[in-house]
Amino acid sequence: MADPKGFLTTGREVARTRPVEERVKDWNEVYVPGSLLPVISKQAGRCMDCGIPFCHNGCPLGNLIPEWNDYAYREDWNAAIERLHATNNFPEFTGRLCPAPCESACVLGINQPPVTIKNVEVSIIDKAWEAGDVTPQPPERLSGKTVAVIGSGPSGLAAAQQLTRAGHTVVVYERADRIGGLLRYGIPEFKMEKSHINRRVEQMRAEGTKFRTGVEVGRDVDAAKLRRRYDAVVVAAGATVSRDLPVPGRELDGIHFAMEYLPLSNKVQEGDLTVSPITAKDKHVVVIGGGDTGADCVGTAHRQGALSVTQLEIMPRPGEERNANQPWPTFPMLYKVTSAHEEGGERLYSVSTTHFEGDDDGNVQSLHLVEVEFKDGKLNSLQGTERVIPAQLVTLAMGFTGTDQANGLVEQFGVELDARGNIARDADFATNVPGVYVAGDAGRGQSLIVWAIAEGRSAARAVDGYLTGASELHAPIRPTDRALTV
């Protein structure tokens with residue numbers, strides 16, 4: 001156990017953020033560099049080393065949290081990163097982007113603020129990179145088997161790294177011009193700088209993984225031909241079909257999906273563009289959708305110089321403490337203030353967009369909304385609550401509805417879909433087509449980064465077993481596993 005009295009003597013302390021007036025002028029990560037290291041050992045010491053560590057189950061990866069908390073408390077950073085990497089290929093990603101269901105399941109969190117598991121995690125991996133303790137792990141021998149991985153998001157990268165280390169020759173196909181999927185072009189720089197992706201890709205290259213960018217399977221390469229070329233295929237193409245808002249005025253210029261808006265700002269940071277073709281500068285911005293992607297749009301609009309930013313959510317505002325119907329250790333719906341929300345803007349709950357209005361040139365100028373309530377399982381508009389807000393840029397951040405079928409990948413492979421538009425798979429992550437497996441959002445539907453990595457690791461074990469007859473790779477979840485809810 002770390003510090004037997006740590007949870008009694010030490011209060012919760014999280015990473016400090018830079019002042020708002022400073023950080024909105026740049027695209028660097030919002031946290032004060034190095035602010036965690038002076039406090040993180042004591043924070044790790046708050047871990048109670050529970051007899052039944054529910055944080056293990058809260059985390060789909062099954063991270064060995066009490067173990068690396070203990071090592072971090074003792075400042076044994078070599079042992080800490082070994083334990084952390086045993087279950088998580090990319091802790092620098094999850095430590096920055098995951099909403100930390102492990103903390104919601106922390107036993108200490110029953111009646112106190114939980115352990116800062118996420119902050120301990122990112123401190124361990126950042127220190128490991130600085131110390132040169134993250135090195136390539138190429139296989140001792142090759143199996144002679146080949147695997148294609150379609151998609152380079154967290155699921156595809158996890159599957160590729162696991163299969164490469166198992167000795168297979170792995171090629172990752174990515175339709176964008178750079179590796180990373182939504183990590184690269186869906187997550188703004190201020191949440192995770194892309195240097196973290198770049199050095200992981202270099203590690204994977206040194207291990208033997210090959211990458212093909214600018215290649216969309218289904219359009220640039222026939223999926224059926226790809227299957228014949230490789231011994232196995234892992235489809236990790238994500239759930240990239242954005243949910244639309246079919247209301248009058250949707251066709252007006254200035255209304256964009258979040259995944260049309262966010263990648264362009266990232267391309268500016270990559271140096272591909274001088275100015276984004278879709279910018280919030282000097283505009284009243286409305287973000288429709290109250291989740292993390294919506295918050296990313298809010299923070300991006302602030303940095304682009306928006307006149308105002310309003311975020312709309314159709315659901316009621318969550319409470320700041322657990323509801324009785326969301327008991328520990330389930331992941332609760334809580335009112336969350338992200339770094340983007342700290343920077344300004346207005347958040348409206350229980351509202352629904354009725355229509356948009358535009359100018360004579362077809363550009364959106366305003367949004368009409370109405371307050372709503374859920375009653376008897378139905379969404380009802382409240383008469384007399386209609387209002388109009390200015391909107392010269394609208395981003396739709398309402399989630400995703402399934403994997404892309406327009407590019408031909410699904411049809412050419414001949415894979416079946418489930419009722420929700422995801423690629424169907426069996427208990428071994430296998431589709432109906434022999435040798436074709438599916439991992440991540442393409443099979444699970446829209447989910448969290450920690451679930452994506454868990455899917456990639458689990459699918460890799462299934463593929464390894466298919467190719468060799470047995471596998472020693474770690475498989476943390478089954479395709480049917482879901483987060484603990486009530």
Side-chain angles (χ1 to χ4, degrees), residues 89-90 93 97 146-164 168-187 194 197-198 200-201 204-205 209-227 229-230 232-242 259 262-263 266 400-413 415 417 421-425 429-431 433 435-460 462-463 479:
N89 298 70
F90 314 119
F93 301 167
L97 305 176
T146 58
V147 183
V149 175
I150 302 172
S152 68
S155 181
L157 290 179
Q161 186 166 64
Q162 293 294 94
L163 289 166
T164 298
H168 308 303
T169 300
V170 180
V171 181
V172 178
Y173 289 84
E174 168 57 52
R175 63 182 176 181
D177 59 345
R178 292 181 177 87
I179 295 298
L182 290 187
L183 289 174
R184 172 76 64 181
Y185 286 128
I187 302 296
K194 301 307 174 277
I197 304 174
N198 297 340
R200 273 297 178 187
V201 171
M204 292 177 66
R205 281 200 173 102
T209 304
K210 298 176 173 57
F211 296 95
R212 301 286 185 269
T213 56
V215 179
E216 183 169 9
V217 177
R219 285 200 171 98
D220 302 318
V221 175
D222 184 272
K225 292 181 180 178
L226 188 79
R227 172 64 191 95
R229 191 185 309 170
Y230 291 89
V233 175
V234 178
V235 180
T240 56
V241 180
S242 299
M259 288 306 148
L262 294 173
N266 281 3
F400 303 89
T401 60
T403 196
D404 188 355
Q405 298 181 50
N407 62 7
L409 181 150
V410 169
E411 180 182 359
Q412 291 169 19
F413 270 133
V415 293
L417 302 178
N422 305 314
I423 299 176
R425 68 264 184 94
F429 294 86
T431 70
V433 179
V436 178
Y437 293 76
V438 62
D441 290 2
R444 175 171 292 269
Q446 179 186 352
S447 190
L448 305 177
I449 181 174
V450 69
W451 281 96
I453 296 174
E455 288 249 345
R457 290 175 67 90
S458 299
V463 172

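The structure displayed is predicted, hence computed values, not measured ones. Numbers here simply count residues along the sequence, with the first being 1.
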Measuring only between side-chain heavy atoms, which start at C-beta, is Leu157 closer than 4.5 Å to Phe211? yes
Residues which pass salt bridge (charged side-chain N to carboxylate O under 4.0 Å, His left out) with Arg457, listed by chain and number, not counting sequence neighbours: none
Do Tyr185 and Asp177 come close enough that some side-chain heavy atom pair is under 4.5 Å? yes
Backbone N or O of Asn89 within a donor-acceptor pair of the Arg200 side chain at under 3.5 Å? yes
What I'd like to find out is whether the side chain of Leu97 reaches to under 4.5 Å of the side chain of Leu183, using heavy atoms alone. yes
Side-chain contact test, heavy atoms from C-beta onward, threshold under 4.5 Å: evaluate it for Thr431 versus Phe413 and give yes or no. no
Quick check for you: to the nearest 0.5 Å, what is the distance between Ser458 atom OG and Tyr437 atom OH? 13.5 Å
Tell me the closest heavy-atom pair linking Phe400 and Gln446, and the distance in Å. N-OE1, 2.9 Å
Heavy-atom closest pair, residues Ala460 and Ala159: CB-O, 3.9 Å
Shortest non-hydrogen pair, Val234 vs Ala439, comes out as CG1-CB, 4.2 Å
Min side-chain heavy-atom separation Phe93-Ile197 under 4.5 Å: yes
List the steps, then state whether side-chain contact (heavy atoms from CB on, under 4.5 Å) holds for Thr240 with Arg175. CA-CA 12 Å; Thr240 56; Arg175 63 182 176 181; 3.5 Å; yes
Could you check whether any side-chain heavy atom of His168 comes within less than 4.5 Å of a side-chain heavy atom of Val463, counting everything from C-beta outward? no
If we only count heavy atoms from C-beta on, is the Val436 to Arg227 side-chain gap below 4.5 Å? yes
Within the side chain of Glu174, is there an N or O that forms a donor-acceptor pair under 3.5 Å with the backbone of Ser152? yes
Can a salt bridge be assigned to the pair Asp220 and Arg212 using a cut-off of 4.0 Å between side-chain N and carboxylate O? no
Write down the atom of Ala224, the atom of Gln412, and the distance for their closest heavy-atom approach. CB-O, 3.7 Å
Closest non-hydrogen contact found for Ala148 with Leu226 is CB-CD2, 4.2 Å
Rounded to the nearest 0.5 angstrom, the CZ-OG1 distance for Arg184 and Thr213 is 10.5 Å
Taking the side chain as every heavy atom from C-beta outward, state whether Leu417 and Gln405 have any atom pair closer than 4.5 Å. yes
Please report the interatomic distance NZ(Lys210) to OG1(Thr169), rounded to the nearest 0.5 Å. 5.5 Å
Examine distances only and state if a side-chain atom of Glu455 and a backbone atom of Gly440 form a donor-acceptor pair shorter than 3.5 Å. yes
Nearest heavy-atom contact between Asp441 and Ser447 is OD1-N, 3.5 Å
Between Thr403 and Gly238, is there a donor-acceptor pair closer than 3.5 Å when you use the side chain of the first and the backbone of the second? yes
Between CG of Leu409 and CD of Glu411, what distance do you get to the nearest 0.5 Å? 10.5 Å
Before you tell me yes or no, could you show the steps for Val170 and Met204 under side-chain contact (heavy atoms from CB on, under 4.5 Å), namely the whole-Å CA-CA distance, both residues' side-chain angles and the distance that decides it to 0.1 Å? CA-CA 10 Å; Val170 180; Met204 292 177 66; over 6 Å; no
Test side-chain contact (heavy atoms from CB on, under 4.5 Å) on Val235 and Ile423; report intermediate values, then the result. CA-CA 9 Å; Val235 180; Ile423 299 176; 3.8 Å; yes
